[in-house]
Every structure is written in C-alpha cells, then in structure tokens.
Protein chains: 2
Amino acid sequence: MSEVCARSKILEAAGEVFAEKGFKAATIREICTNAGVNLASVNYYYGDKEQLYLEAVKLSHPGRLGEGETALPEDIPVAEKLRVFVRGLLDRLAKDNDSSWQVRLFRREIIQPTPFCRETLEEFFRSRFSVLEKLVEEILPPGSPAWQRRQICFSIIGQCVYFRAAKNVVSMVIGDDEYDSHYNTENLTEHILRFSLCSLGLQKPFSLEDRPLEDRFDAEIGA
Amino acid sequence: MSEVCARSKILEAAGEVFAEKGFKAATIREICTNAGVNLASVNYYYGDKEQLYLEAVKLSHPGRLGEGETALPEDIPVAEKLRVFVRGLLDRLAKDNDSSWQVRLFRREIIQPTPFCRETLEEFFRSRFSVLEKLVEEILPPGSPAWQRRQICFSIIGQCVYFRAAKNVVSMVIGDDEYDSHYNTENLTEHILRFSLCSLGLQKPFSLEDRPLEDRFDAEIGA
DNA sequence: ACTTGTTTTAAACACTTGTTTGAATTACGT
DNA sequence: ACGTAATTCAAACAAGTGTTTAAAACAAGT
C-alpha cells in the first residue's frame, strides 16, 4: 500500500500479529509475510524477536499516543469522575475491539504482562492507579487507612478486568444471548459503577427495604 | 518411589508439569524424564499430548476429588455463607499454593481455559455459579431481574479471580510489603466480603457519615 | 521350552521455530 | 560510470517440538 521503508512495515505488521496472538505464538515468518519483506529482515533491522516486540509495545504505550485520557474532568461530582474512569478502562479492555493494534497489544500486556517490558508497564500502571486512588480518597472518610483505599481500588479495577478478560467464562455460564444484551460497555459501566458506589456509600444498595432485618448487619465483620 | 505402573507414573508427572507450565510450554520429554519412563510411553498409553492433558484435567476436577466444598452450611446467616464461598474460591485460586498439582492445574484452567476440555469445565462453572446465584438471590429483593443478579455474582467472582490472578500487577503497584501484609487469603476474604455486602445492603458502606452530602446520592444512575 | 501378547527402548522422522550466512541486488555519492 | 555501502534475498542452520517405528526385553500361559 503505502511507500514506507521496510523497517516500519515490519513494525506495523509485527504489532498486528503480536496483538492478535501474543509474543510466543506469533512467528517471525508470519510477520514478514504480512509485511511483504524477507524473512531475515526482522533480525537485520531489530536484532531479534524480543527487541521487535519491545519496540511494538513501546509504540503501543498510551502515553505515546495522543489519547490523553489520563486527565479526568474537574468540575463534575466524584461519582461522575468514577464513571468516566470505569468506562475508560472498560473501553481500553474491550475484547471485540476493532481499533488499532496499539490498543489491543497494550491490553494484552495489561492482562498478561510479559517480562520484557516490565518497567514500561510499571510506569503506566502506577500513573493510572494513582488517578483512581485520589478519586477514592475523595470519597472515603479522612481517617481511612491507605491499604484499605487501595484494596477498594483493586476491587473496582478487578471487576473491569474480569468482565473483559473472562468473556469466555461469562458467556459459557450465562449464554451468548444474555451476554450480548447485558454486557456491552454501557451496561458494564453502569453495573460496576453502581456496585462500587453502593459499597462506597454514594448510592443506595441493591437491597434495602422489603427484606427481613434479622439477618441484616449481623455479620460480625470488620468494625 | 512407589511401585506403580508406568501409566499412572506418567499421569502424575504430567499433572505436575502441566500445572507448572501449562499445556503449550510443557514438553513430553520433561514429563517422561520426571516420570522415569521412556519418551514414547506417553503416546503408547495416551495416544497424544492432548489426551494426556485431558486426563490430567479430568483428574484435577474438584468433583472427582473428595473435597466436597460445593455444599455450603445450611443453618448460618446468608452473609456467612457468602464468606464461606469467597474464602473457598480464594483458597482454590491461591497463587502461592504448595498444594497438589490437581488444585494448581484446575486453577490454570479456571483462569485460562484451554479449548480441549471445555465441557469438563463448563459443568464445573455452572454448578459453582448456581451456588453463588442462589445465595445472592436470597439477599436481593424478590423482583430483581435475573441478569442483574448474575452481574452481581460476576462482580464477586471477578474480585476473587483478579486479586489472585493479577498478583504481579498488584504487587507492582503497591509494593511487596503491603502485599504480604494485606493480601493473604484472610485479608482478601474480609475485604471482598465487605465490599460486596455493602453493595448488597447487608453491611454499612465504607463511607457513611462525616462526608458532605451535596455530592452524595446525586449521581443519576440506575433507579 | 516355546509361544504369544504386552511393555520398554533407542533411534529416527517430520515439522516448526528463531537465527545466520553469503551472495545478489539496489541505492547513492563521486 | 564506478565503487562502496546498505539492503534484500534464498537457503541453510541449529535447536526444539510431538510423533512414529521397529527391534528388544519382558511376562505369562500352556
């Protein structure tokens, strides 16, 4: 198609294949075929497969992209900020994502980090996590311990990741119909947000009245 | 050590190696070496690698083991039942588990199912899920839609799976010290249980008083 | 002791993988 | 046009994989 040099053609094809199959299952032969270059070109331009993968992941880093999603709107209620965060994360993790390989490859690294680019990912995780942590800190009472705050953050993140990563398991249990109708990004955002806001006391719990009180609030847990 | 036939020696060694490295990365050569049998024995006794894996997974199925953890105690409050469920799941998913390869191999299949034994797993998932679903049904108001109930179930399961499966990410963000002190099975059980019970209205939310009310309950979400 | 069927063995096969090689081709400055 | 460097290419290499083979060793029945 485009008249670009072989080096970038390789990287483009490699990103696509790596995003599709992962590091191990992707083969240099397929990458070179798709790129329309000779088999030896990968080693000529990038040294070996591992360095090629690292270059691809570096290019997939959202910091390098102009997505600028790390900044949350300022002048909205904290619950709304949380919704933006949850939807953003779900979007990024969306399985049926026909977006660029950068997004898909980076999602791969989020869900199953390879040992090659640990530091590249670590920086991303920390920065994203701190956004959520500040958000939860706004909600929790001032005296709350930091470890508890972080556990809550991971509970929120965990739901997002699980719903996306375990699509197979979910649809295996509930069937494809219900999955299609209740597990798109919109549905999941609302559910996870509500589930989490209830815990945080910003929304009424799923079950409030119309239940007998004898077995309510009587689990001797925590405080 | 023990004087058993080659067939079972292979299965034993295979279970160990499969649990450690997964299907793809495990090699027949390593299995046979560990079992102390000839390389060709796997194909002689089991046909091929795939069938051997399937036999190992079948043997790892908790239904086949005498663990009998599917039955929850009857005469305890529903919140306690949920705790038993959560702890049981966390136990089964525990990363640093020096237990038998059966448990570790089955955990592997739970987190990353291989296409080989889909039906074997499907039965397990459904049965376990229905236990949790009945439990949640007890808590929710009678009119609640089924899809919502199931979403809640997956939110609970998702937390358990994520905290266990994403240990690398978690400790990468918060450091090993905090992980060791606040993310063992006991801590996680209490946290996930509380986070979930809050949502379900069986426990007071993390934040109730001592916060300004202006940004509380004002997210126009759900009902 | 001989036969028959089962198990074990070493070797090879067929295939895929990442990587290297050395010659052929191209690009480009002089 | 020439010469040098960069690039491309087909081919092979080396290591690893699951699998097959055919002969050897063994066990058991008669």
Side-chain angles (χ1 to χ4, degrees), chain A residues 1-59 101 105 108-109 112-117, chain B residues 1-60 101 105 108-109 112-118:
Chain A
M1 312 289 175
S2 52
E3 274 299 332
V4 288
C5 64
R7 206 190 139 89
S8 53
K9 276 198 298 185
I10 292 173
L11 191 54
E12 191 64 26
E16 199 64 55
V17 177
F18 280 139
E20 187 67 27
K21 313 200 167 182
F23 175 79
K24 186 78 180 293
T27 71
I28 292 187
R29 279 173 173 80
E30 180 179 3
I31 291 171
C32 290
T33 302
N34 291 1
V37 303
N38 186 267
L39 173 62
S41 302
V42 161
N43 299 73
Y44 179 76
Y45 283 107
Y46 291 94
D48 59 3
K49 185 185 182 184
E50 204 168 296
Q51 289 181 57
L52 173 61
Y53 184 76
L54 203 127
E55 288 302 313
V57 171
K58 273 186 188 164
L59 211 65
W101 61 262
L105 179 56
R108 229 180 217 290
E109 276 288 324
Q112 277 182 354
T114 59
F116 313 129
C117 32
Chain B
M1 307 299 170
S2 52
E3 273 300 331
V4 286
C5 65
R7 206 189 140 88
S8 55
K9 275 198 300 184
I10 291 174
L11 192 54
E12 191 64 27
E16 199 65 55
V17 177
F18 281 138
E20 186 68 26
K21 314 199 166 181
F23 175 78
K24 187 75 181 295
T27 71
I28 293 187
R29 279 171 173 82
E30 181 178 2
I31 291 171
C32 290
T33 302
N34 290 2
V37 302
N38 185 267
L39 172 62
S41 303
V42 161
N43 298 70
Y44 179 75
Y45 283 108
Y46 292 93
D48 59 1
K49 186 186 181 184
E50 205 169 292
Q51 289 182 56
L52 172 61
Y53 184 76
L54 203 129
E55 288 302 314
V57 171
K58 273 186 190 164
L59 211 66
S60 81
W101 60 262
L105 179 57
R108 225 179 221 289
E109 275 290 323
Q112 275 183 354
T114 59
F116 313 129
C117 31
R118 190 188 159 89

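Not measured: the values here are computed from a predicted model. Every chain is numbered from 1 and lettered A, B, ... according to where its sequence line falls, protein lines coming before strand lines.
Residue B:R29 places no side-chain atom within donor-acceptor reach of the base of D:dG16, judged by atom type and a 3.5 Å distance cut-off alone.
Distances shorter than 4.0 Å separate some side-chain N or O of A:N38 from OP1 or OP2 on D:dA10. OP1 or OP2 of C:dT7 has at least one side-chain nitrogen or oxygen of B:Y44 nearer than 4.0 Å.
Here the closest non-hydrogen pair linking B:S41 and B:I10 is CB-CD1, 3.6 Å.
Protein atom CD of A:E30 is 10 Å distant from nucleotide atom P of C:dG18, rounded to whole Å. As a whole-Å value, the separation of A:K24 NZ from C:dT16 P is 16 Å. For the pair A:N43 CG and D:dC13 P, the computed distance is 17 Å after rounding to whole Å. Counting to the nearest Å, the C1' atom of C:dT19 and the CD1 atom of A:I31 are 14 Å from each other. In this structure, B:I28 atom CD1 and C:dT9 atom C1' are separated by 16 Å, rounded to whole Å. Here D:dG18 presents its P atom at 4 Å from NZ of B:K49, a figure rounded to the nearest Å. Atoms OH (B:Y53) and C1' (D:dT19) sit 20 Å apart, rounded to a whole Å. What separates CZ of A:R7 from P of C:dA27 is a distance of 20 Å, to the nearest Å.
For the pair B:L39 and A:V42, nearest-nucleotide mapping onto DNA chain C gives the more 5' position to B:L39.
When atom types are taken as modelled, the side chain of B:K49 and the backbone of B:V42 share no donor-acceptor pair closer than 3.5 angstrom. In this structure a side-chain-to-backbone donor-acceptor pair under 3.5 Å is present from A:Y46 to A:R7.
No side-chain N or O of A:W101 forms a donor-acceptor pair with one of A:E20 less than 3.5 Å apart.
Using a 4.0 Å heavy-atom criterion, one finds that A:A40 contacts the bases of the nucleic acid, with or without backbone contacts as well. At a threshold of 4.0 angstrom between heavy atoms, the contacts of B:A26 are confined to the sugar-phosphate backbone, with no base atom among them. Within the nucleic acid shown, A:Y45 comes within 4.0 Å of sugar-phosphate atoms alone, with no base atom in reach, counting heavy atoms only.
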Go through the steps for A:F23 and A:L52 under the test side chain to side chain contact (heavy atoms under 4.5 Å, CB included), then give the verdict. CA-CA 10 Å; A:F23 175 79; A:L52 173 61; over 6 Å; no
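Between A:T114 and the options A:E50, A:E109, A:K24, a side-chain hydrogen bond (donor to acceptor under 3.5 Å, both in side chains) holds for only A:E109.
Counting heavy atoms from C-beta outward, A:L11 and A:E55 have side chains that approach closer than 4.5 Å.
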Any chance you could encode DNA chain D as dot-bracket? Rule is Watson-Crick or G-U wobble with both distances under 3.5 Å; [ ] for pairs crossing earlier ones, | for another strand. |||||||||||||.||||||||||||||||
